[in-house]
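The structure presented is a predicted model; accordingly, all values stated were derived computationally and were not measured. A, B, ... follow the sequence lines: proteins, then strands. Residue 1 opens every chain.
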2 protein chains.
Amino acid sequence: MREGPDIARIASLVGDPARANMLSALMGGTALTASELALEAGVSLPTASSHLSKLMEGGLLTLASQGRHRYYGLAGPQVAGMIEAITGVAEAVGPKRVRPGPRDAAMRVARVCYDHLAGEQAVAMLDRLVEKDILLRNDNEIRLGPSAASHFAAIGVDIDARPRRPVCRACLDWSVRRSHLAGTLGAAILDKILAEKWARREKDSRAVIFSPPGKQAFERVFLA
Amino acid sequence: MREGPDIARIASLVGDPARANMLSALMGGTALTASELALEAGVSLPTASSHLSKLMEGGLLTLASQGRHRYYGLAGPQVAGMIEAITGVAEAVGPKRVRPGPRDAAMRVARVCYDHLAGEQAVAMLDRLVEKDILLRNDNEIRLGPSAASHFAAIGVDIDARPRRPVCRACLDWSVRRSHLAGTLGAAILDKILAEKWARREKDSRAVIFSPPGKQAFERVFLA
DNA sequence: AGAATACTTCGATAGGGATCAAACCATGCG
DNA sequence: CGCATGGTTTGATCCCTATCGAAGTATTCT
């Protein structure tokens with residue numbers, strides 16, 4: 001018998017599909033609420049809550065209460081590194097590499113990340129917004145630039161005046177490994193894209209499909 | 001719902017105590033047989049066998065058949081890295097740091113690693129043997145030096161002439177994070193230590209306790 | 001060939017944990 | 001204050017899997 005650090009305990013925490021999904025969702029560095037995580041994991045709220053207590057007790061998560069919202073986040077970079085390592089092995093040994101079908105390709109280009117846009121398009125958009133000093137970025141912190149208010153007003157995107165969660169947030173893109181824009185502004189932009197019918201959501205998938213004219217419009221507004 | 005690499009599957013493989021113990025035991029880089037791993041994990045042979053098939057199927061292990069012996073080893077450095085990462089988190093969040101009792105201290109000094117000696121004493125011994133060119137070490141590969149035969153004959157340790165497993169092998173020490181000597185030679189030396197009654201095994205523990213004169217004898221023979 | 005060793009498969013059991021519905025707290029809004 | 005919303009707790013169900021004994025297979029030793 002072998003003692004030492006209880007590695008089985010930690011691994012079994014990650015070993016449940018629901019919890020694994022939650023942890024993956026948190027890999028972006030963005031803290032999420034219990035409901036969001038329940039949605040992400042595909043389980044009911046009580047089940048998610050139970051899982052979250054276990055992850056908390058296991059020391060894998062931190063909790064930040066803001067009013068009636070409780071934001072769960074990864075406990076630290078060491079935990080993130082562990083998830084990374086496990087993900088790496090899973091990718092390597094998972095020869096279930098069904099050839100990336102059209103939907104997977106579409107997912108890389110643009111998809112929904114809970115309430116905002118992710119994928120290559122979203123990464124490019126954030127790059128451009130920072131380049132034009134509309135947003136000011138300092139590592140993972142993103143703030144509105146001086147011209148942000150007028151800019152977003154001009155293109156018809158509402159900036160939440162008194163938001164309950166951050167307006168801007170960097171969220172690490174799973175496929176591109178670079179950040180895209182989350183937060184209420186990210187959500188508002190996705191709303192705009194869907195409202196203008198520049199793109200539609202694929203049924204039962206997170207993929208977001210741009211129509212040809214929609215793509216042009218999006219690029220003119222956000223990538224110009 | 002979230003797709004991507006099946007991280008829960010991999011994590012749950014590590015998440016069982018028996019399997020976690022096996023994987024920890026294999027972290028030294030030394031491939032072990034099913035019986036050895038069963039012993040290490042504290043389960044019966046059939047149970048161990050079942051776990052090993054699962055680990056194999058999960059792609060975490062490799063199998064090298066040598067006659068009626070089947071040596072299981074970690075599938076590669078990526079897997080080892082993952083175990084390392086999990087171990088790191090487990091150590092960090094495990095505030096169960098009961099102050100190291102006397103048995104734990106003894107474990108650090110000297111303990112049994114299946115059939116050979118591990119711990120500070122064992123690490124020091126390997127260092128000294130390499131320093132004196134009795135063993136020749138190249139990273140994780142250890143060979144007998146020219147004077148090895150006469151040296152070990154002189155101190156009464158038999159070197160297996162036609163061994164079924166390697167005579168020398170580097171095994172990473174859990175507590176010291178440096179290598180000690182495994183293989184048939186490592187086993188023969190442990191035999192010698194116990195036969196000469198320089199030390200005794202603690203009951204129900206891997207700790208090895210040297211008597212004061214035994215310690216002197218050991219140091220004269222192996223650390224001089 | 002026969003005995004012994006190393007290991008796996010089969011079968012049955014038992015226990016743990018994941019799940020959800022419903023009831024229960026807590027915070028914010030009007 | 002009440003009502004709605006976000007979250008947790010409780011309780012009951014059910015499936016999954018870890019476990020071991022016993023029997024089966026393979027390889028080496030004599």
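Annotation for L52(A) and M22(A): closest pair CD2-SD, 4.0 Å, computed over non-hydrogen atoms. Nearest heavy-atom pair, T87(B) versus I7(A), reported as atom, atom and distance to 0.1 Å: OG1-CD1, 4.3 Å. The shortest non-hydrogen separation linking R9(A) to G58(A) is NH2-CA, 3.5 Å.
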Check nucleotides 7-9 of chain C against the protein and report each pair of N or O atoms closer than 3.5 Å, with its distance, or say if there are none.
unit_1	atom_1	unit_2	atom_2	d
dC7(C)	OP1	R70(B)	N	3.4
dC7(C)	OP2	S35(B)	N	3.4
dC7(C)	OP2	S35(B)	OG	2.1
dT8(C)	OP1	R70(B)	NH1	3.3
dT8(C)	OP1	Y72(B)	OH	2.5
dT8(C)	OP2	S49(B)	OG	2.9
dT8(C)	O5'	S49(B)	OG	3.2

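With sequence neighbours excluded, no residue satisfies salt bridge (Lys or Arg N to Asp or Glu O under 4.0 Å) with E57(A). Shown here are the side chain to side chain contact (heavy atoms under 4.5 Å, CB included) partners of A38(A), two or more places apart in sequence or in another chain: A48(A). Remark: L45(B) engages A34(B) in a side chain to side chain contact (heavy atoms under 4.5 Å, CB included) (not counting sequence neighbours). Under the rule for a side chain to side chain contact (heavy atoms under 4.5 Å, CB included), S53(A) has no partner lying at least two apart in sequence or in another chain.
Going from atom CZ of R19(B) over to atom P of dC16(D) covers 15 Å, rounded to whole Å. Between the CG atom of L37(B) and the C1' atom of dA6(C) there is a distance of 13 Å, rounded to whole Å. Residue L55(A) contributes atom CG, which lies 15 Å from atom C1' of dT8(D) at whole-angstrom precision. Between M22(A) atom CE and dG7(D) atom P there is a gap of 12 Å when expressed in whole angstrom units. The CG atom of L61(A) sits 12 Å away from the P atom of dT8(D) (whole-angstrom rounding).
Over its length, the helix from dA1(C)-dT30(D) to dG30(C)-dC1(D) turns its helix axis by 30°, as judged from the five terminal pairs at each end, rounded to 10°.
The only option from I189(B), V123(B), L194(B), I193(B) that meets the side-chain contact (heavy atoms from CB on, under 4.5 Å) definition with L117(B) turns out to be I193(B).
Between H51(A) and the phosphate of dG17(C), there is no side-chain N or O to OP1/OP2 separation shorter than 4.0 Å. Taking 4.0 angstrom as the limit, K54(B) places none of its side-chain polar atoms (N or O) nearer than this to OP1 or OP2 of dT17(D).
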